[in-house]
Amino acid sequence: PDTLEGVASVFKSMTLRGIEQETRTFCFLEGNASKSDRLLIFSHDKVGREKAKTISVERIKQKIKSQGSEKHGWDERRKTELNTSVDAGSRPEVSEITDSFALRGDISVHVVIQTGPNGEDPVVEDVEHSTGTKLTLMRDKGFIQIQGLAEKVAQAKRQLQQFTEQFVTCKIQLRPPITAALANKVSHYIRPMPWIAAAEVDEAKDLLKIQGHQDSVDQTFKVLREVYQDHGLELLDSDIVTSKRHAGDEHIVGPKHYAKGRGADIIRVSEDDAAFILGRGGKTKHKIARVSGATLELHERNNTV
């Protein structure tokens with residue numbers, strides 16, 4: 001209200017913390033807190049947002065009443081602002097958003113625009129067609145930008161997540177003759193195959209390492225068996241070790257599940273976002289942890305949370 005000197009005159013820090021705890025929201029004073037005339041309320045839960053909004057409006061009315069101020073015109077202006085506010089859960093059918101999906105460090109950007117090993121459409125085209133979103137590859141940053149309706153963007157991210165979860169790391173213990181045969185030909189035999197992110201031979205250890213989609217990795221076994229047969233040898237299942245993820249891979253984006261329903265996500269962010277998440281003196285990071293009940297670790301060296 002114009003009759004108040006600023007939101008800070010109504011919402012002291014302890015008042016905001018109380019509203020946050022009661023409604024499980026984030027509450028911020030926009031801009032300079034001491035001069036701000038706008039309270040921002042964030043939450044994925046619409047019920048929580050509405051409850052925080054109701055509490056806030058009542059506190060403003062109480063402040064106006066205690067000052068004996070004239071509030072004429074404020075209620076109408078407030079209604080207009082509330083109807084035009086950015087509300088993540090109010091009108092998803094008419095508001096477009098832009099979000100991003102970070103690829104794991106072991107997945108190259110080029111695989112999402114390749115036709116699949118069995119003739120599947122490139123995953124980018126498939127996701128765009130099924131969700132109606134627009135996907136843009138940010139090659140230098142290793143992520144995909146997604147634009148569209150909030151619900152469709154979330155669907156696109158789920159589809160991309162399902163695709164990346166099928167990527168595995170496969171290590172094959174080679175026989176010395178096969179190592180010699182593949183050392184100079186892996187770029188012809190395996191790397192050109194669709195949805196293969198990387199393939200390399202460690203000649204010192206007689207080891208072939210392949211990273212790619214499970215369907216593509218399965219097809220590389222057919223190629224390897226043919227190479228083995230050409231040398232009068234047989235590729236044994238015991239020579240193959242396949243794992244979905246390295247436990248210590250800092251570039252993994254997606255959930256790791258633990259006992260009792262607990263989980264962990266590692267998310268890659270930009271330098272600006274890392275600074276924003278940390279906040280002055282770590283206040284924002286601590287606030288996110290307190291409201292969500294999760295523990296956050298910010299690794300500024302490689303910009304992951």
Side-chain angles (χ1 to χ4, degrees), residues 99-131 133 135-146 153-174 182 186-202 205 207-225 235 237 239-258 263-269 299 302-305:
D99 203 345
S100 61
F101 180 86
L103 293 169
R104 281 165 29 197
D106 59 340
I107 300 179
S108 302
V109 175
H110 74 272
V111 301
V112 299
I113 58 174
Q114 289 180 328
T115 299
N118 300 309
E120 300 94 337
D121 289 335
V123 66
V124 166
E125 294 182 11
D126 184 48
V127 171
E128 286 183 330
H129 178 73
S130 62
T131 64
T133 55
L135 274 61
T136 304
L137 299 186
M138 313 299 288
R139 293 176 179 270
D140 56 331
K141 297 181 179 179
F143 68 82
I144 302 171
Q145 182 174 285
I146 311 169
V153 168
Q155 180 183 343
K157 293 180 73 173
R158 286 195 298 270
Q159 290 186 220
L160 290 170
Q161 182 67 33
Q162 290 170 359
F163 175 74
T164 58
E165 285 176 350
Q166 296 301 312
F167 274 70
V168 299
T169 297
C170 180
K171 295 181 180 179
I172 304 168
Q173 191 64 53
L174 302 172
L182 286 179
V186 67
S187 59
H188 301 289
Y189 283 131
I190 299 174
R191 286 178 191 161
M193 297 181 69
W195 293 0
I196 292 294
E200 58 182 353
V201 175
D202 186 336
K205 297 181 179 179
L207 192 68
L208 171 63
K209 181 179 179 182
I210 304 172
Q211 293 174 317
H213 191 279
Q214 183 67 69
D215 291 346
S216 297
V217 172
D218 289 344
Q219 291 199 8
T220 65
F221 295 156
K222 299 178 182 179
V223 174
L224 288 172
R225 286 191 170 91
L235 177 62
D237 290 341
D239 294 331
I240 303 172
V241 177
T242 302
S243 59
K244 282 214 167 186
R245 289 175 180 171
H246 293 296
D249 190 346
E250 293 178 330
H251 297 287
I252 290 175
V253 176
K256 295 180 187 177
H257 298 290
Y258 299 93
D265 278 315
I266 299 179
I267 306 172
R268 186 162 42 200
V269 298
H299 300 277
N302 52 17
N303 290 329
T304 59
V305 180

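The residues of the chain are indexed from 1 along the displayed sequence.
- Annotation for V186 and P192: closest pair O-CD, 4.4 Å, computed over non-hydrogen atoms.
- Atom CG of L182 sits about 6.0 Å away from atom CG of L224, to the nearest 0.5 Å.
- Expressed to the nearest 0.5 Å, how far CH2 of W195 lies from CD1 of I107 amounts to 11.5 Å.
- Looking at heavy atoms from C-beta onward, F163 lies in side-chain contact with V112 at the 4.5 angstrom threshold.
- In terms of heavy atoms, F101 sits closest to K157 at CE1-O, 3.8 Å.
- Listed by chain and number, the residues in a salt bridge (charged side-chain N to carboxylate O under 4.0 Å, His left out) with D202 amount to none (sequence neighbours excluded).
- Closest approach of P194 and S216 over heavy atoms only: O-OG, 2.5 Å.
- Looking at T131 and I146, their side chains never come closer than 4.5 Å, going by heavy atoms from C-beta outward.
- T220 contributes atom OG1, which lies 6.0 Å from atom CE of M193 (distance to the nearest 0.5 angstrom).
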task = Verify side-chain contact (heavy atoms from CB on, under 4.5 Å) between I196 and Q114, making sure each step is shown before the conclusion.
result = CA-CA 10 Å; I196 292 294; Q114 289 180 328; over 6 Å; no

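- Note that CG of L160 and CD1 of I144 are 5.0 Å apart. Values are rounded to the nearest 0.5 Å.
- Under a 3.5 Å cut-off, the side chain of Q211 and the backbone N or O of A198 do not form any donor-acceptor pair.
- Side-chain polar atoms of Q159 and S130 form a donor-acceptor pair below 3.5 angstrom.
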key: Derivation of the side-chain contact (heavy atoms from CB on, under 4.5 Å) call for H213 and V111   = CA-CA 9 Å; H213 191 279; V111 301; over 6 Å; no

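- Under the 3.5 Å distance criterion, the side-chain polar atoms of Q155 are left unmatched by any main-chain donor or acceptor of V127.
- The minimum heavy-atom distance between V217 and C170, with the atom names listed, is CG1-CB, 4.0 Å.
- Q173 and K205 make their closest contact through NE2-O, 2.9 Å (heavy atoms, listed as atom of the first residue, atom of the second, distance).
- Rounding to the nearest 0.5 Å gives a distance of 14.5 Å between NZ of K171 and CD1 of I240.
- No side-chain donor-acceptor contact under 3.5 Å links T133 to the backbone of V153.
- A donor-acceptor pair under 3.5 Å is absent between the side-chain atoms of Q166 and the main chain of D215, judged by distance alone.
- Between the side chains of Q214 and D218, at least one donor-acceptor pair of N or O atoms lies under 3.5 Å.
- Separation of atoms CD (E200) and CG (L207) is listed at 9.0 Å; rounding is to 0.5 Å.
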